[in-house]
> 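I have a structure here, written as structure tokens, and I will follow up with some questions on it.
Note on naming: letters A, B, ... go to the chains in the order of the sequence lines (proteins, then strands), and numbering restarts at 1 for each one.
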Protein chains: 2
Amino acid sequence: MNDVVTRTPTAAPTRRERILQEAARLFAERGFHGVGVDEIGAAVGISGPGLYRHFAGKDAMLSELLVGISERLLAGGRERVAAATGEGGGPAAVLDSLVDGHIDFALDDRALITLHDRELGQLRDSDRKQVRSLQRQYVELWVEVVRALHPAAGEAEVRAAVHAVFGLLNSTPHLGRPGALPGRDATAALLRRLALGALASLSGGAEG
Amino acid sequence: MNDVVTRTPTAAPTRRERILQEAARLFAERGFHGVGVDEIGAAVGISGPGLYRHFAGKDAMLSELLVGISERLLAGGRERVAAATGEGGGPAAVLDSLVDGHIDFALDDRALITLHDRELGQLRDSDRKQVRSLQRQYVELWVEVVRALHPAAGEAEVRAAVHAVFGLLNSTPHLGRPGALPGRDATAALLRRLALGALASLSGGAEG
DNA sequence: GAAATGTGTTAACGCTCATTAACCGAGCAA
DNA sequence: TTGCTCGGTTAATGAGCGTTAACACATTTC
């Protein structure tokens with residue numbers, strides 16, 4: 001019925017894709033329970049129940065959004081690790097690339113980044129497990145690289161630090177709407193410096 | 001009817017206080033809309049409608065929680081700025097104290113920290129404005145100190161950095177439940193290093 | 001001791017809202 | 001032309017849930 005993933009981002013978006021996009025925006029703005037199906041339908045020019053021609057239900061939209069972003073994050077991370085490693089870059093170069101990739105996600109898919117940890121609890125058990133698994137694998141990608149850079153730090157410490165850096169990078173939704181910062185590039189540069197600055201502090205401290 | 005704030009934290013907690021505490025926990029776990037009044041009542045040993053003897057409604061509980069945490073954050077921040085300044089500490093000492101204070105909040109009131117940005121949208125307009133105002137004042141406290149430490153950085157840049165550091169410090173709810181890190185002190189020490197490390201990167205970079 | 005007050009209870013109300021039913025027109029294949 | 005599929009529509013259904021009503025009972029107050 002639907003090919004779900006097989007489409008190039010250019011070309012006019014499918015109705016199905018527009019629904020997902022608008023649903024993501026609305027869910028991020030007012031929460032999953034805070035937005036009704038009629039509203040989502042209206043946002044794409046059809047009426048509430050019309051959505052059921054494209055999705056099994058409201059839950060299915062959220063599932064697809066969260067599983068999708070988790071998969072893209074992990075796939076992007078793996079690509080970057082492979083690419084930077086292939087170019088003969090050391091752990092530092094790999095980390096740089098991971099940070100840049102995550103910043104791209106955070107800036108381009110604000111709504112999804114927000115949903116990603118806000119609405120995880122609304123998923124069916126099986127979907128939540130899948131998302132958690134993907135998240136875990138993504139975290140491991142970072143943990144390995146950071147451990148290579150800071151061999152003296154304990155594993156638990158590094159894992160906590162990675163989570164904290166995600167919190168830092170995912171703070172973009174809180175940066176006042178209009179554009180408190182000059183532009184995208186400046187914001188990206190700032191986040192990169194902050195993240196690397198935080199992780200740099202891992203060497204030379206007392207560990208727990 | 002209720003004295004709302006006038007109680008010392010020691011001594012047996014009032015029923016009213018227990019309700020707020022349990023509501024905070026449940027809201028953080030499953031979202032404001034995800035938990036019913038019957039459930040909150042059950043958590044404190046009374047039945048759903050019994051809550052209305054203590055609060056005007058479910059919304060009122062959330063309001064009191066969010067306004068309360070915002071007020072305590074701001075009050076705590078102001079005290080620390082005054083104290084550290086009074087002791088003749090420079091901006092660095094003041095920042096250290098602010099960081100420590102925020103970490104205490106993040107570790108001791110995890111549920112509230114989570115709610116603080118998750119459920120802001122569910123508040124009545126007036127309450128949301130009040131919380132936003134308190135948040136803004138708290139941010140300003142930090143911005144002033146950080147600007148004193150990094151005079152070359154632009155104001156917008158510093159403000160964004162402060163928000164990002166909040167994201168980092170508030171990441172504690174994401175550190176796997178059981179206790180991924182050895183203990184509270186180790187976690188606090190790690191967060192402190194990460195936060196100061198991030199902010200240290202503000203000097204000497206290109207600004208936006 | 002009577003009245004007021006504070007704090008519970010259970011039952012009923014009413015609204016919101018996701019989902020389903022029933023129906024319909026446009027393309028398009030045989 | 002006939003008939004199937006696709007993607008819409010509006011109306012009905014049914015559950016969940018916040019809130020209110022009506023009542024009960026202890027404790028305090030006068």
> Grab the CD1-P distance between B:I40 and D:dC17 for me, whole Å please.
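Spelled out: CD1 on B:I40 to P on D:dC17 is 12 Å.
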> Output the single nucleotide from C:dG8, D:dT19, C:dT19 whose closest atom is nearest the side chain of B:I46.
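Within the option list, the nearest is C:dG8.
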> Nearest whole angstrom, please: distance from the P of C:dG8 to the CZ of B:R18.
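Value for this atom pair: 11 Å.
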> Please determine if B:E144 and B:R147 form a salt bridge, counting it only when a charged side-chain N lies under 4.0 Å from a carboxylate O.
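Salt bridge: no.
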> Does A:R15 put a side-chain nitrogen or oxygen below 4.0 Å from OP1 or OP2 of D:dC6?
no
> Could you check whether A:E29 pairs with A:R25 (Lys NZ or Arg NE/NH1/NH2 to Asp/Glu carboxylate O, under 4.0 Å)?
yes
> Taking atom P of D:dG7 as reference, at what distance in whole Å does atom CD1 of A:I19 sit?
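Checked: the CD1 to P distance equals 10 Å.
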> If you check every side-chain atom of B:P49, which of D:dA21, D:dG18, C:dT19 has the closest atom?
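Closest nucleotide to the B:P49 side chain: D:dA21.
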> Would you mind reading off the distance between B:R53 atom CZ and D:dT19 atom C1', rounded to a whole angstrom?
12 Å
> Is the distance from OP1 or OP2 of C:dG8 to the nearest side-chain N or O of B:H54 less than 4.0 Å?
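Answer yes for this pair, as a side-chain N or O of B:H54 is under 4.0 Å from OP1 or OP2.
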> Looking only at heavy atoms, what is the nearest atom pair of B:A188 and B:I103, with distance?
O-CD1, 3.6 Å
> Using atom CG of A:D38 as one end and atom C1' of D:dA11 as the other, report the distance to the nearest whole Å.
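For the pair A:D38 CG and D:dA11 C1', the rounded distance is 13 Å.
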> May I ask you to say whether B:D96 pairs ionically with B:R80, meaning some side-chain N is under 4.0 Å from a carboxylate O?
no
> Consider the side chain of B:S47, meaning its heavy atoms from C-beta on, and name the nucleotide among C:dT19, D:dT10, C:dT10 that approaches it most closely.
C:dT10
> Which nucleotide wins on minimum distance to the side chain of B:Y52, given the candidates C:dA18, D:dG18, C:dG8?
D:dG18
> Find the distance B:L51:CG to C:dT10:P and express it as a whole number of Å.
13 Å
> Going by the angle between their ring planes, with limits at 30° and 60°, are B:F166 and B:Y138 parallel, tilted or perpendicular?
parallel
> Would you classify B:G48 as touching base, sugar-phosphate or nothing, given that sugar-phosphate means primed atoms plus P, OP1 and OP2, and contacts are heavy atoms under 4.0 Å?
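Result for B:G48 = nothing.
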> NA contact type, B:G50, heavy-atom cut-off 4.0 Å: base, sugar-phosphate, or nothing?
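The answer is base, as B:G50 lies within the cut-off (heavy atoms under 4.0 Å) of a base atom.
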> In whole angstroms, how far is the P atom of D:dT19 from the CE atom of B:M61?
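Checked: the CE to P distance equals 8 Å.
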> How many whole angstroms separate atom CG of A:L26 from atom P of C:dA18?
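Rounding to the nearest Å, CG of A:L26 and P of C:dA18 are 12 Å apart.
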